Amino acid sequence: MNSKQTPSSDSDYPAPPNPPHPSQRRPRGFASASSPPPPTNRREREKEKERTKLRERHRRAITSRMLSGLRQHGNFPLPARADMNDVLAALAREAGWVVEADGTTYRPASLGHTVAVQPPISASNNQLVNFAVKSAESPISSSSLRSCPVTKAQDVHTPLMPVEVEDGLSSASLDSVVAGGNAKRMKYVNADPTMESLDHVAHDQISTLHEDQFIGTEYINVFATLPMGIINNYCELIDPEAVKQELRQLKALNVDGVVVYCWWGIVEGWAPRKYDWSGYNDLFMILKEFHFKFQIMLAFHDYGGNGLNGSMEMPISLPKWVLEIGKENPDIFFTDREGRRNTECLSWGIDRERVLNGRTGLEVCFDFMRSFRMEFDALFEEGTIYAVEIGMGASGELRYPSFPHKFGWIYPGIGEFQCYDRYMQQNLRNAAKLRGHAIWGRGPDSAGYYNSRPHEAEFFCDKGEYDNYYGRFFLKWYTGYLINHTDQLLSLTRLVFEGIQLVVKIPSIYWWYKSASHAAELTAGFYNPINRDGYASILEVLSRHGVTVKIMYCRPHSQDDGEACADSGGLFWQVMRSGQDLGLTIAAEASLSCHDSDMYDRIVDMAKARCDPDHRHLAFFTYLQSPHIFMEQRDDLQLTELGNFIRCMHGDATQF
């Protein structure tokens, strides 16, 4: 349940009349920790109204997380608009009680001996009645807990504890109180011997998870991503024999297909509207010989030059003629607050600006996609092309390029907003004027730098600007620009690939996920602070266009995650469950090459969630190949683990 935004005008909420008595009603729930004195003037009344709205917003956020936990980890079939009555009824039924439609609750007569208990008082019955109940001993003992199925250790959740709300707290500091509760609860979890034993059970189950768990389960296609540099800048296939050798190995492992990156910077690299697909024609002919399905990634970004994963591959830039235009008009690229231009991809500010030799940013994408469809129409007719993925932004993901390594960003920096080219700045000023506050037509002045931490930037820290009136306006505009770009590009894409499965990649910006502001997600374009679901509006657009959502799956940074308030699993589950609730098809991709069974365990457990009562699973999984795949040889253990992982995904594994 998303919290509603607070109104921007005082007239939206008329001032309440003065209370007739000095004593006020005692507050309840999460606001009961401190009871403010009666307001004595208009200014105090306005402050009290704001505090009340903040308390209500956080109450709803906490309730939403409680309901999500019960649905996800307890398999409770709670309705979408569940309230506490639904929760109590579900818990009572789980414990064996009978809950009638009018709320009357009692134990069934067949459960054991009878004792006198007081049932709920209704209009027709206020008498003491004998009901059959079980022994007073709890049906859930430590031994039964040890024998119950546990998916993973992180699936064990402790109940939420009351949050103390102080009168003087702003919305941002209220967020920090709620977030801080997570850290406070951890010491109680570790002190509980039952929880400790559950952790051991979960670990033991992970190590023997695949003995006979996945025989006959759903078949999930597994795709391997081919290395980025197999096609050079002149659109020539490099070393076809090495490609065939790798494909033979993948075929022996029963990989279903491969993912091929088709680079805009290569195909239309030298002159506008001059498309050269020769290298990809040669590659696709080889893939057809091996009877592989293949996904196409239409990449509108650059690649290489950042030193990631020790990559020595040939860098791939945007088309040369685009870079020449950028020398004369650098505002075609995303720009940070310091005025540095990021040539990784084109700014969304030129989506409707004819600055690319008479074409807009959307039109060059449309022409490239149409050229691909016309060149390889026979493959679409044969059904050889399984799906087409559209590069939406930086790294082909749906996000702003807010974490550029070439500008010095390192994990877990919060990144910077990328909205300072003149086209986006003009749009921001227009939006501020329409809002009635022209002074808001600027980017934040106190949002820190690429490697700042949230507490070091006034915009993201407690009592920061991100949750005041200006901050909410700016962040809604910033994420709205991302959503608008997505909607327009997918509308054109549907014209080209009608009837073809389309894929859009959602990034995993998981660091600072446990903080109040979610600063890294905000700079990437996802307005997802602790009191707001920042992915719902984006997923609704993707649902309207009927695309498959591919979520990046990240191996946690074990060393830095504590300091970075990171939670890759929590973010993945939030996006996946939100997408599934909207009826979207969900897939995943491993963001790093993995060669160990522990990573495979996590992926299989995520792809086929045994706790899901609706038996939902991933549509397919993409396995990211090593950048040096043609230069290295996997050892037998790596091949065995990879083969067992694929059999588990296919549902025919007998041992992992």
Side-chain angles (χ1 to χ4, degrees), residues 233 261-275 297-306 315-337 339-372 389-407 415-428 443 478-493 496 504-505 507 523-525:
N233 282 323
Y261 275 65
C262 293
W263 296 95
W264 178 42
I266 292 178
V267 176
E268 196 184 359
W270 302 98
R273 293 190 176 92
K274 301 295 183 181
Y275 304 99
M297 167 61 176
L298 299 180
F300 297 99
H301 61 284
D302 71 5
Y303 174 79
N306 53 20
I316 302 171
S317 69
L318 296 185
K320 308 299 184 295
W321 58 272
V322 171
L323 297 179
E324 289 297 322
I325 294 175
K327 293 178 181 178
E328 300 294 330
N329 180 13
D331 288 291
I332 67 174
F333 303 120
F334 282 106
T335 308
D336 63 17
R337 189 178 40 153
R340 288 169 290 193
R341 314 291 181 168
N342 191 334
T343 59
E344 181 177 355
C345 56
L346 293 176
S347 168
W348 301 332
I350 64 170
D351 278 355
R352 293 187 175 276
E353 300 289 338
R354 297 190 176 278
V355 294
L356 301 174
N357 283 350
R359 292 186 293 171
T360 67
L362 290 174
E363 286 173 349
V364 295
C365 295
F366 176 78
D367 291 343
F368 180 76
M369 293 186 291
R370 183 173 57 181
S371 173
F372 175 83
E389 181 177 339
I390 309 300
M392 305 300 295
S395 301
E397 302 170 344
L398 180 55
R399 66 175 177 88
Y400 288 89
S402 51
F403 314 111
H405 288 267
K406 60 185 176 182
F407 292 159
E416 290 191 21
F417 292 112
Q418 305 291 314
C419 60
Y420 292 90
D421 62 83
R422 61 187 172 98
Y423 302 106
M424 294 189 71
Q425 282 292 293
Q426 182 61 48
N427 187 282
L428 176 57
Y478 191 68
T479 193
Y481 220 108
L482 177 147
I483 294 172
N484 188 53
H485 168 77
T486 302
D487 191 19
Q488 294 183 84
L489 183 55
L490 288 179
S491 296
L492 295 176
T493 304
V496 179
V504 171
K505 188 184 299 182
T523 60

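Model, not experiment: these values are computed from the prediction.
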Identify whether the distance between the nearest side-chain nitrogen and carboxylate oxygen of Lys406 and Glu344 falls below 4.0 Å.
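Answer for the salt bridge query: no.
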Rounded at 0.5 Å granularity, tell me how far [atom1] in [X] sits from [atom2] in [Y].
X	Y	atom1	atom2	result
Cys365	Leu489	SG	CG	5.5 Å
Glu353	Leu362	CD	CG	11.0 Å
Phe300	Phe368	CZ	CZ	5.5 Å
Asp421	Gln426	CG	CD	11.0 Å
Leu318	Ile325	CG	CD1	11.0 Å
Ile332	Leu323	CD1	CG	7.5 Å

Less than 4.5 Å apart, any side-chain heavy atom of [X] and any of [Y]?
X	Y	value
Leu482	Leu398	yes
Gln425	Asp331	no
Ser347	Phe334	yes
Trp264	Pro319	yes
Ile316	Asp302	no
Leu298	Thr493	no
Trp263	His301	yes

Mind checking whether Tyr478 and Tyr400 have ring centres under 6.0 Å apart?
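Judged by ring-centre distance (under 6.0 Å), Tyr478 and Tyr400 do meet the cut-off.
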For the ring pair Trp348 and Tyr423, is the centre-to-centre distance below 6.0 Å?
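So the answer is no for these two rings.
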Closest approach of [X] to [Y] (non-hydrogen atoms, all atoms of both residues):
X	Y	answer
Val496	Met369	CG1-O, 3.6 Å
Arg399	Glu397	NE-OE1, 2.8 Å
Phe407	Asp336	CD1-OD2, 4.2 Å
Arg337	Glu416	N-OE1, 4.0 Å
Ser491	Asp487	OG-O, 2.8 Å
Cys345	Ala394	SG-N, 4.0 Å

Worked verdict on Leu428 versus Tyr420 for side-chain contact (heavy atoms from CB on, under 4.5 Å)
CA-CA 10 Å; Leu428 176 57; Tyr420 292 90; over 6 Å; no
Go through Val504 and Thr486 one step at a time and tell me if the side-chain contact (heavy atoms from CB on, under 4.5 Å) criterion holds.
CA-CA 9 Å; Val504 171; Thr486 302; 5.6 Å; no
Could you give all pairs that pass the side chain to side chain donor-acceptor pair (under 3.5 Å) test and reach residues 316-325, with sequence neighbours left out?
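Every side chain to side chain donor-acceptor pair (under 3.5 Å) pair that includes a residue of residues 316-325, provided the two are not neighbours, is Glu324-Lys327.
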Under the salt bridge (charged side-chain N to carboxylate O under 4.0 Å, His left out) test, residues paired with Asp367 that sit two or more places apart:
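Partners of Asp367 by the salt bridge (charged side-chain N to carboxylate O under 4.0 Å, His left out) criterion, ordered by chain and then number, come out as Arg359, Arg370.
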Indicate yes or no for a side-chain donor-acceptor contact from Glu363 to the backbone of Thr360 under 3.5 Å, with no hydrogens or angles considered.
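Pair found, side chain donor or acceptor close to backbone of Thr360.
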Is a donor on one side and an acceptor on the other found under 3.5 Å between the side chain of Thr343 and the backbone of Arg341?
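No; judged by distance alone, with no hydrogens or angles, the pair does not exist.
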The criterion is side-chain contact (heavy atoms from CB on, under 4.5 Å); which residues satisfy it with Thr523, sequence neighbours excluded?
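Thr523: side-chain contact (heavy atoms from CB on, under 4.5 Å) contacts with Ser402, Phe403, Phe417, Phe460.
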